Amino acid sequence: MSHATSQTGPLRHFLQFSDLTTDEINYVFARAHLIKDKFKRYQPHHTLHDRNLAMVFEKASTRTRVSFEAGMYQLGGSVIHLTTGDSQLGRSEPIEDTARVISRMVDLVMIRTFEQTRIERFAAHSRVPVINGLTNEFHPCQILADIFTFIEHLGPIKGKTVAWIGDANNMAYTWLQAAEMLDFRLHVSAPEGYELDARRVGNPPSGVLQQFSDPLEACQGAHLVTTDVWTSMGYEAENDDRRRAFNDWCVDAEMMAVADRKAVFMHCLPAHRGEEVTGDVIDGPQSVVWDEAENRLHVQKALMEFLLLGQVD
């Protein structure tokens with residue numbers, strides 16, 4: 001058996017939030033809490049000593065790269081960073097062949113790419129766990145970090161209300177998966193023409209999803225108000241149209257005022273103050289965006305450890 005196939009148990013990937021069970025998600029949160037606590041006390045946690053992570057970027061990133069790279073080093077492992085510019089990915093090699101080769105040389109692969117089918121094709125031919133660092137359809141590592149941050153500030157998310165204000169993008173669909181699995185309510189408000197696709201939504205359990213044409217209504221009583229840039233990577237040509245359409249979907253003090261009095265604000269960053277959120281909200285007392293950004297590091301360390309070692313006592 002090669003070094004690269006040495007994880008315990010069956011091969012597991014994290015391509016979307018629902019790839020883990022509810023119990024496994026809760027284990028990752030508990031483990032992330034322990035790992036973060038050790039990190040804050042400068043205690044080493046080298047559970048992935050001598051393991052290698054390959055990071056494949058077909059879309060650029062700051063937070064994803066830093067959090068995975070720093071995280072793997074902090075776990076005692078090493079990292080190889082690949083982009084389409086310095087590998088065969090940007091040329092003609094089929095992604096299946098790339099997967100077969102890379103996964104014989106490393107222990108874990110994180111990919112940030114375009115279509116979800118692309119990462120699924122890679123995972124289908126990989127001998128090691130594959131993590132979705134972002135696709136057009138899903139952003140599961142970000143939602144892991146967001147919910148972990150919510151728990152830190154407000155306790156269990158079960159039964160609580162999350163208000164998503166803005167584009168029905170990869171974040172919104174991942175929030176929906178999380179709401180179904182972790183039993184909280186999701187309020188979604190998007191401008192006309194930018195709503196959730198009914199074919200992708202399916203039939204969530206009763207009470208999980210509620211859609212609002214008025215963003216202020218969506219925020220009513222919410223424990224978390226969260227948003228994202230109006231124009232996701234790859235949609236820049238729609239910038240002006242989106243600015244006009246989303247004009248009333250800027251998270252502001254009025255929206256936060258109708259939310260629960262202990263409500264927090266999140267944004268996966270980078271943020272455009274004055275567009276999807278006002279400066280006084282993202283820089284205000286209810287904002288937890290910097291904790292949220294840091295927590296990508298800790299939950300991803302817990303996730304990588306889980307995918308390679310299973311549940312550790």
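Note that this is a predicted model, so its numbers are computed, not measured.
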Going by heavy atoms in the side chains, are Leu216 and Glu254 under 4.5 Å from each other?
-> yes

Please report the C-alpha distance between Lys160 and Asp260 in whole Å, then the side-chain angles of each, then the deciding distance to 0.1 Å, and finally whether the salt bridge (Lys or Arg N to Asp or Glu O under 4.0 Å) criterion is met.
-> CA-CA 10 Å; Lys160 300 292 200 308; Asp260 185 84; over 6 Å; no

Between Arg41 and Asp37, does at least one N-O distance fall below 4.0 Å, as a salt bridge requires?
-> yes

Polar side chain donor-acceptor pair, Gln142 to Asn170, under 3.5 angstrom = no

Shortest non-hydrogen contact from Ile119 to Ile131?
-> CD1-O, 3.8 Å

Check the side chains of Thr227 and Glu276 for a donor-acceptor pair under 3.5 angstrom, ignoring hydrogens and angles.
-> no

is_close_aromatic(Phe57, His81), centroid dist under 6.0 Å = yes

Can you establish whether the number of heavy atoms outside Asp214 located under 6.0 Å from its atom CG is more than 12?
-> yes

Carboxylate-amine/guanidinium contact Glu292 Arg63, below 4.0 Å = no

Heavy atoms of Gly310 and Tyr27 approach each other most closely as O-OH, 3.9 Å

Do any pairs count as a salt bridge (charged side-chain N to carboxylate O under 4.0 Å, His left out) and have a residue in residues 184-200, sequence neighbours left out, and if so which ones?
-> Asp197-Arg199

His33 atom NE2, neighbour heavy-atom count above 12 within 6.0 Å = no

